[in-house]
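Residue numbers count from 1 along this sequence.
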Amino acid sequence: LGVGGVGGSAESPRGVAHMALLNALMSHDAEDLWLALASAREAGVSAESLVVVERAMEALGGQGASSKAARRRKAEQGLKEASSRATEAALQAAIIEAVEAGVEEGFVEAERALATRRDDRRHTLDALVAAMEKCVEGVELSARGGGSARCEPKAFQSLCS
């Protein structure tokens, strides 16, 4: 994989292909390497010169290295799954992962789901605070001899269902 004498000048199609191969090899990205390999074949780089690159391609695939496209697909799938049933924290993590992976679609549904989860959480916390206030009021009344505590377990159990 030389630039210059053996592989062609840096400006020639083969020289450009060699540089793309070197950059892709250094990035350890299977998708970049696949594209550079296809470009090199199209530019007329000899099959003997590409043997090492093909081995690297096999190694990347064999060791579970993920390409940008694979990471994007995985993030898209994670975003869809999280939108339908994940907790607020898991959904937020899926959104961040999708952004970092370059996902471009599916955010509207995910953002709606996240808003719904946050709204549900807020309502649950409000109901919990209201139930706790009743308990505190009952304990205060009971301590002053003004009646029994109005703290009932069913008030809290209904929040968990």
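The distance from the OG1 atom of T87 to the CG atom of L114 is 10.0 Å, given to the nearest 0.5 Å. The CD atom of E104 sits 7.5 Å away from atom CZ of R72, with the distance rounded to the nearest 0.5 Å. Summarising the geometry, atom CG belonging to D126 is positioned 7.5 Å from atom NE2 belonging to H123; distances are rounded to the nearest 0.5 Å. Once rounded to the nearest 0.5 Å, the distance linking CD of Q77 with CZ of R73 reads 11.5 Å. We find the CG-CD distance between L128 and E133 to be 10.0 Å, quoted to the nearest 0.5 Å. Interatomic distance, E97 CD to L79 CG, rounded to the nearest 0.5 Å: 10.0 Å.
Among all heavy-atom pairs drawn from A40 and L21, the shortest one is CB-CD1, 3.6 Å. In terms of heavy-atom proximity, G78 sits nearest to A94 at O-CB, 4.0 Å. Nearest heavy atom pair, residue A75 against residue A98, reads CB-CA, 3.8 Å. Nearest heavy atoms, P13 versus A43: O-CB, 3.7 Å. The minimum heavy-atom distance between S27 and A24, with the atom names listed, is OG-O, 2.9 Å. A pairwise comparison of heavy atoms in F107 and I95 identifies CE2-O, 3.9 Å as the closest pair.
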Please report the C-alpha distance between E54 and L37 in whole Å, then the side-chain angles of each, then the deciding distance to 0.1 Å, and finally whether the side-chain contact (heavy atoms from CB on, under 4.5 Å) criterion is met. CA-CA 8 Å; E54 289 169 346; L37 189 58; 4.0 Å; yes
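Although no hydrogens or angles enter the test, the distance criterion places no donor-acceptor pair under 3.5 Å between the side chain of D119 and the main chain of A115. Under a 3.5 Å cut-off, the side chain of R117 and the backbone N or O of Q92 do not form any donor-acceptor pair. Looking at S39, its side chain never comes within 3.5 Å of a backbone N or O of A36 through a donor-acceptor pair.
L35 and L33 are assigned to two separate hydrophobic clusters, defined by single-linkage of ILVMFWY side chains at heavy-atom distances under 4.5 Å. L125 and M132 fall into different hydrophobic clusters, where Ile, Leu, Val, Met, Phe, Trp and Tyr side chains are chained together by heavy-atom contacts under 4.5 Å.
Salt bridge annotation for R122-E88: absent, with no cationic side-chain nitrogen under 4.0 angstrom from a carboxylate oxygen.
If you run side chain to side chain contact (heavy atoms under 4.5 Å, CB included) between V108 and each of E105, R112, E111, only R112 comes through.
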